[in-house]
Amino acid sequence: MKKKKVLALILVAAMTAGTLAGCGNSDGESSQPADNSSAQESTQESTEESSAEESESTPEESGSGEQASSGERMTITVLGIDWGYGPLKDSEMEQYWEDLFDVDLDIEWVNYNDYPTKLNTMISTNTQPDVTQIMSTNNTYYYPIFTQAIAAGNFVDLKPYIFDGDNALAKTNAVMKNWSDEFWGEATYNGGIYILPRSKSEPAKESGIMVRKDLMEKYGFEEEPKTMDELKDWLIGLSQAATEGEGQKIYGIEFFKEDFMHDKVKGFATAFTGQTNWGIDENGEFQYMQFNPKYLDFLNWMKDLYDAGAIDPEFALGNDTTSKFKAGNSVAFLNAWYNFNQSEDLTSNKIFDKSTPDTYKAWELMPVQGPEGYVVSPNSTDVDSCIAISSSCSEEKIQKILQVFNGTEEAYPGYNSVMKDGVEGIHYTLLEDGTKDTSDETMGQKRTEGYVGAWNQIFLKTDADQITDKFMRDGAKRSSDENIQRAKDVKEFIVNYLAESGLKHENTNLESETYNNQWTMLTDDVNTMCTQYVMGQIGETEWKAFVDGIVNSDEYKAIQAEFKASAGR
């Protein structure tokens, strides 16, 4: 057997926990492993940070699948995304999972740059493997090539496995049983569920206004702005004071490229328009954010910042260094709300660039109110990553896939630790104080080769809890009590606001052939026009005439009609 070394490592744990075999998934919640803001971010944070318990796992049966016989193992073919780590085939991490689940995993990790082409070629020719990681395209997992394959019957409708019968995943799986109908709705297409989420993301991730607290304190700007007008004056005032006092240019916000729908700026527009990318207007029609008449109020807000020198005058050239917040060159930065997790000592977790002084302090404003809403940018979907199962799989293989890819801490004690940190003795050394040492160069290489921490792209993991994982970590990297409380306050506000306002991407999982084929060409000049407006090169008359030309076009009207038809409205 090619995996004797890894199998020996788990033999003692298997003997200890073997009595659990055949009992199915247990109830209860798991501790949260890795960051989950994106597959790449998840990979990096999971690989670098260690805080879970020592692994004790056993190859046991799960309520959602059957244990393979002790003879020849079933082979499951898989296609997954490599976010630049170059994982090796048959690594010791892969062998661990194979021994745990008594299965052979034939995994091809494809670099993220090449993944869309590889994936779509396989889907369009119906040559996809048993399990495929689906990549989000245009803010949806259900994009045309995938939905065409679904219509052709090439992927399994997982809805019966999720909801039907006593062993259904939504009833027995310790993670999935906590997912709401609304969340499952985000995974639904045309009445079926063809993607299996791997976790639920934190809400409205890109809604954090990170600011330089050291500058606030130094220049007397500690009273936090509560409205968009106050925020504008605050950014301009602090930018000017810091520029004079620090002897270098300090901009108001980090903003680069002529992409006004970028996460670094879009949330500000939401406060003026009351919607995100696609909303529903007062007439019940689908409306794109940049064509909302109130979007002009946002552009005027940006223009005031630009005119006051609070935005890099050459932002349109794509220079991302002159106003970079983490280099100390801006007062503020619109970012993921859980990413101001600076350690209390300011150095053991230094979120600013290494070249910056240790005196730099990060803080986050509470969401700021605009005329039509708050600076809260909802996720296009809370499904952080997902897999799909080929309909070429037999029923026996489908059951085995559901067992292997939906593990939990309750069913396999130590699962969360292995998901995050790998196997003791191979990927880390367990110290006497319970911490995990990953400094050994050989172990570091094995962590990279094994893609440790990135298996949560295809395997089930617990739902995101960034406050615990980022701010409340044991040891020196723990944030201050003040920062922890602010993170809790921001999250509570976002959750409540989303529930009360109903703010969401109104076109999630909706289909429009015109949108798929024409949108890029239709909107090719929009961000250029935004840039020209902010820079004063065009005025309101030109902007309104430009927008009217698009919203009155046959293509835009067709998109609205097709979205409505897809939504059954």
Side-chain angles (χ1 to χ4, degrees), residues 2-3 5-7 9 33-50 52 55 75-101 103-123 127-137 141 198-199 354 384-388 401 404-405 407 415-429 436-461 469:
K2 68 176 182 177
K3 311 173 183 70
K5 180 179 179 181
V6 177
L7 184 59
L9 290 171
D35 183 8
N36 148 59
S37 61
S38 68
Q40 185 175 16
E41 189 175 343
S42 177
T43 299
Q44 294 168 334
E45 300 241 349
S46 299
T47 302
E48 294 169 358
E49 299 171 8
S50 303
S55 168
T75 297
I76 298 174
T77 56
V78 186
L79 188 72
I81 302 172
D82 166 24
W83 288 102
Y85 285 78
L88 297 184
K89 189 175 181 62
D90 295 326
S91 66
E92 289 173 290
M93 186 75 256
E94 183 177 321
Q95 292 174 29
Y96 175 88
W97 293 122
E98 291 179 321
D99 289 331
L100 176 64
F101 297 117
V103 67
D104 280 334
L105 298 172
D106 184 2
I107 300 183
E108 181 180 7
W109 297 106
V110 178
N111 185 273
Y112 67 97
N113 286 319
D114 303 320
Y115 195 83
T117 300
K118 175 81 170 183
L119 172 66
N120 292 334
T121 299
M122 299 182 82
I123 290 178
T127 56
Q128 68 275 0
D130 301 328
V131 177
T132 305
Q133 183 180 351
I134 302 299
M135 199 174 201
S136 177
T137 302
Y141 292 108
R198 306 293 73 205
S199 175
K354 292 181 180 179
D384 75 323
S385 61
C386 62
I387 57 172
I401 289 170
V404 172
F405 286 78
Y415 176 87
N416 286 349
S417 176
V418 179
M419 281 281 282
K420 184 173 184 179
D421 298 312
V423 181
E424 181 188 355
I426 297 178
H427 303 113
Y428 67 88
T429 300
K436 297 174 182 177
D437 181 11
T438 60
S439 61
D440 182 272
E441 184 175 340
T442 301
M443 288 184 171
Q445 180 179 350
K446 289 182 177 181
R447 290 173 68 85
T448 299
E449 293 173 349
Y451 213 20
V452 173
W455 287 78
N456 56 32
Q457 297 178 97
I458 59 173
F459 283 176
L460 183 69
K461 61 179 177 291
D469 285 352

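For clarity, every value in this text was computed on a predicted model and none was experimentally measured.
Classification of Lys89 and Glu94 as a salt-bridged pair fails, no side-chain N sitting under 4.0 Å from a carboxylate O. Taking the charged nitrogens against the carboxylate oxygens, Lys118 and Glu108 do have a contact shorter than 4.0 Å, which makes a salt bridge.
Not a single donor-acceptor pair under 3.5 Å links the side chain of Thr127 to the backbone N or O of Ile123. Side chain of Thr121 to main chain of Thr117: a donor-acceptor pair is present (N/O by atom type, distance under 3.5 Å, no hydrogens or angles). For Tyr115 (side chain) and Leu79 (main-chain N/O), a donor-acceptor pair under 3.5 Å exists by modelled atom type. Using a distance-only test at 3.5 Å, with no hydrogens or angles considered, no donor-acceptor pair links the side chain of Arg447 to the main chain of Val452.
Asn456 places none of its side-chain heavy atoms less than 4.5 Å from the side chain of Arg198. The shortest side-chain heavy-atom distance between Leu460 and Ser199 does not fall under the 4.5 Å cut-off. Proximity of Thr77 to Val131: side-chain heavy atoms (C-beta onward) are nowhere separated by under 4.5 Å. Counting only heavy atoms from C-beta outward, the side chains of Asp82 and Tyr451 approach each other to under 4.5 Å. A heavy-atom distance below 4.5 Å is found between the side chains of Gln457 and Trp109. Side chains of Met93 and Pro87 form no contact here, defined as non-hydrogen atoms less than 4.5 Å apart. Proximity of Thr132 to Leu119: side-chain heavy atoms (C-beta onward) are separated by under 4.5 Å at one or more points.
In this structure, NE2 in His427 is found 9.5 Å from OG1 in Thr448, a value given to the nearest 0.5 Å. In this structure, Asp130 CG and Leu105 CG are separated by 10.5 Å, a value rounded to the nearest 0.5 Å. A distance of 10.5 Å separates CG of Asp421 from CG of Asn416, quoted to the nearest 0.5 Å. From Asp104, atom CG reaches atom CD1 of Ile76 across 9.5 Å, with rounding to the nearest 0.5 Å. Atom CD in Glu98 sits 8.5 Å away from atom OG1 in Thr75 (nearest 0.5 Å).
Nearest heavy-atom pair across Tyr96 and Val423 is CD1-CG2, 3.5 Å. Summarising the geometry of Lys461 relative to Ser385, their closest heavy-atom pair is NZ-OG, 4.1 Å, with the distance given to 0.1 Å. Shortest non-hydrogen contact noted between Ser417 and Lys436 is OG-NZ, 2.6 Å. In plain terms, the two heavy atoms of Ile458 and Gln133 that are nearest each other are CG2-OE1, 3.9 Å. Nearest heavy atom pair, residue Met443 against residue Asp437, reads SD-O, 4.4 Å. In this structure, Gln95 and Asp90 approach most closely via the heavy-atom pair NE2-O, 2.9 Å.
Considering Trp455, Phe459, Phe101 as possible partners of Phe405, the one that fulfils the ring pair (Phe, Tyr, Trp, His ring centres under 6.0 Å) test is Phe459.
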Start with the C-alpha distance between Trp97 and Met419, add both sets of side-chain angles, then the distance that settles side chain to side chain contact (heavy atoms under 4.5 Å, CB included), and finish with yes or no. CA-CA 10 Å; Trp97 293 122; Met419 281 281 282; 4.0 Å; yes
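Side-chain atoms of Gln445 and Glu441 form no donor-acceptor pair, as typed in the model, at a separation below 3.5 Å.
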